[in-house]
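Chain letters run A, B, ... following the sequence lines, proteins first, then strands; residues in each count from 1.
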Number of protein chains: 2
Amino acid sequence: MAQHSYPPDPDVMPLGPRQRALLAVLQEANAELSGQELHERLRQGSQRHGLATVYRNLRLLQRSGLVRCRKLPNGESVYAPLERDDHHLTCVSCGHSEPLPICPVATGGLGLSKVLLQGFKPLFHTFEIHGLCLSCQQSEPLSHG
Amino acid sequence: MAQHSYPPDPDVMPLGPRQRALLAVLQEANAELSGQELHERLRQGSQRHGLATVYRNLRLLQRSGLVRCRKLPNGESVYAPLERDDHHLTCVSCGHSEPLPICPVATGGLGLSKVLLQGFKPLFHTFEIHGLCLSCQQSEPLSHG
DNA sequence: GCTAAAACGAGAACCATTCTCAGCATATGG
DNA sequence: CCATATGCTGAGAATGGTTCTCGTTTTAGC
Ligand SMILES: [Mn+2]
Ligand SMILES: [Mn+2]
Ligand SMILES: [Zn+2]
Ligand SMILES: [Zn+2]
């Protein structure tokens, strides 16, 4: 059996304290958080936190395969731990996005043939159904702003 | 048999000339186009075209269920006719996004039970695999910018 | 035609994200 | 210790795609 509790993994680089803090906030949260929300929660604590560092480390965590991200219709990016496999219904009219409690993707464990991936290393997937929410269907059909 | 070649459909509102032009450009194109690219192609023609109108009409076409949209990692939105069912591999490191020539979604014709949709009217879906492209895997593992 | 309503274009405003850069922390090794 | 190199950080400026504002133009109804 292994002698170390954390056998060295060449693919994984040790996380800095800022990155661990980010990950902790994401894991405690029960929903996706935006960069700004993360920044706000982090600066509740004792240390100083800059917004640039939040975004820098979110990018690094994403590249390391620890954090996932998707873009809302309003342009914000929202983040969650990689292991969460949530999907969403998103309204093309008002932008409201709510969880869809199933994963309708056939490739549960990635049945994708390697030839299709062509060397691409998958980390996570996003699936989203876009359409009209109930309240937007009931509003006036269409009009310019 | 029907007397009109275009029987009135209460769900579909007649498109204006600007909207028809937008749709035509999208259908001629063999790839998704950004708002700015659409604007540029439209102003090649004879009439004047404003950027605001391009975005206004893209929103209307999307609400009418004629155009789909997704956001690239760099923040741009790209548009295509609704009937195209393309999906993508997107690199979390460099942002490059390339077509994935299959639709791995189990809900081909939407096997989603109505109870899950709760009145939501689906128009299209997006499916994307996020990970590391080959060239980003080969670059230096990680570092701040 | 004439008038009200709708659509439009140009440019300003918006705002989430990224960039810049000087200061701080850490490592190293002499 | 001290010198120095390297990397990380925070504040604020810059960026850039999209949306808003508003005066003008087009359209639709009479
Ligand atoms: Mn899934
Ligand atoms: Mn599909
Ligand atoms: Zn809605
Ligand atoms: Zn890449």
Side-chain angles (χ1 to χ4, degrees), chain A residues 13-23 25 32-64 67-79 90-95 97 140-145, chain B residues 13-23 32-64 67-79 90 92-95 97 140-145:
Chain A
M13 103 165 359
L15 301 180
R18 291 297 203 287
Q19 285 162 340
R20 284 196 301 275
L22 264 174
L23 210 45
V25 172
E32 301 159 303
L33 295 177
S34 71
Q36 318 250 6
E37 285 167 338
L38 275 162
H39 179 226
E40 203 167 329
R41 297 200 185 192
L42 285 167
R43 61 173 24 178
Q44 306 288 326
S46 51
Q47 327 185 34
R48 248 142 100 267
H49 281 273
L51 190 53
T53 303
V54 170
Y55 283 111
R56 264 194 297 257
N57 285 324
L58 281 171
R59 237 181 311 163
L60 292 175
L61 288 170
Q62 220 180 329
R63 293 214 262 264
S64 312
V67 162
R68 65 164 54 211
C69 164
R70 79 180 169 111
K71 285 212 172 306
L72 300 181
N74 67 11
E76 277 187 335
S77 296
V78 288
Y79 302 84
T90 299
C91 179
V92 297
S93 183
C94 67
S97 188
E140 55 197 326
L142 286 177
S143 90
H144 284 200
Chain B
M13 107 163 355
L15 300 180
R18 292 295 204 287
Q19 285 162 335
R20 282 197 301 275
L22 264 175
L23 211 44
E32 301 160 303
L33 295 178
S34 71
Q36 319 246 13
E37 286 167 338
L38 274 162
H39 180 226
E40 203 166 331
R41 296 201 186 191
L42 285 166
R43 60 174 25 179
Q44 307 287 325
S46 51
Q47 329 185 30
R48 248 142 99 266
H49 281 273
L51 188 54
T53 302
V54 169
Y55 282 111
R56 263 195 296 258
N57 285 324
L58 280 171
R59 236 181 312 163
L60 292 174
L61 288 170
Q62 218 179 331
R63 293 214 263 264
S64 311
V67 162
R68 65 163 56 211
C69 164
R70 79 180 168 111
K71 285 212 172 308
L72 300 181
N74 67 10
E76 276 187 336
S77 297
V78 288
Y79 302 85
T90 299
V92 297
S93 183
C94 67
S97 187
E140 54 198 325
L142 285 177
S143 91
H144 284 200

*Within this structure, what is the NZ-to-P distance between A:K71 and C:dC15, rounded to whole angstrom?*
17 Å
_For the student: nearest non-hydrogen atoms of B:R20 and B:L15, plus distance_ = NH1-O, 2.7 Å
*In whole Å, what is the span from the CG atom of A:N74 to the P atom of D:dG17?*
17 Å
*Mind checking whether B:P73 and B:T90 have side chains closer than 4.5 Å, heavy atoms only?*
yes
*Rounded to whole angstrom units, what separation is found between the CG atom of A:L72 and the P atom of C:dC15?*
16 Å
*Among residues 34-50 of chain B, which residues get a heavy atom nearer than 4.0 Å to DNA chain C?*
B:R43, B:R48, B:H49, B:G50
*asked:* If you define the side chain from C-beta out and look only at heavy atoms, does anything of A:R68 sit under 4.5 Å from A:E32?
replied: no
_Rounded to whole Å, how long is the line connecting atom OH of B:Y55 with atom P of C:dA13?_
19 Å
*asked:* Expressed as a whole number of angstroms, how long is the span from A:L51:CG to C:dA16:C1'?
replied: 9 Å
*D:dC8 P sits how many Å from A:N57 CG, rounded?*
9 Å
*Can a side chain N or O of B:R59 be found less than 4.0 Å away from OP1 or OP2 on D:dT18?*
no
_If you define the side chain from C-beta out and look only at heavy atoms, does anything of B:E40 sit under 4.5 Å from B:Q44?_
yes
*Ignoring backbone atoms, establish whether B:S77 has a side-chain N or O less than 4.0 Å from OP1 or OP2 of D:dG17.*
no
*OP1 or OP2 of C:dG9 less than 4.0 angstrom from a side-chain nitrogen or oxygen of B:T53, does that happen here?*
yes
*In whole angstroms, how far is the C1' atom of D:dG7 from the CD atom of A:Q19?*
12 Å
*What's the verdict on side chain to side chain contact (heavy atoms under 4.5 Å, CB included) for A:R43 and A:H39, showing C-alpha distance, side-chain angles and the deciding distance?*
CA-CA 6 Å; A:R43 61 173 24 178; A:H39 179 226; 3.4 Å; yes
*Gap separating the CZ atom of B:R41 from the CG atom of B:L22, nearest 0.5 angstrom*: 12.0 Å
*Report the distance from atom CG of B:L15 to atom C1' of C:dA7, rounded to the nearest whole Å.*
14 Å
*Dump the intermediate steps for side chain to side chain contact (heavy atoms under 4.5 Å, CB included) on A:R70 and B:K71, then the final yes or no.*
CA-CA 9 Å; A:R70 79 180 169 111; B:K71 285 212 172 308; over 6 Å; no
_Value rounded to 0.5 Å, distance of CG in B:L58 from SG in B:C69_ = 8.0 Å
Using a cut-off of under 3.5 Å, enumerate the N/O to N/O pairs linking the protein to nucleotides 22-30 of chain D.
none

_On a heavy-atom basis, which atom in A:L42 and which in A:H49 lie closest, and how many Å separate them?_
O-CD2, 3.5 Å
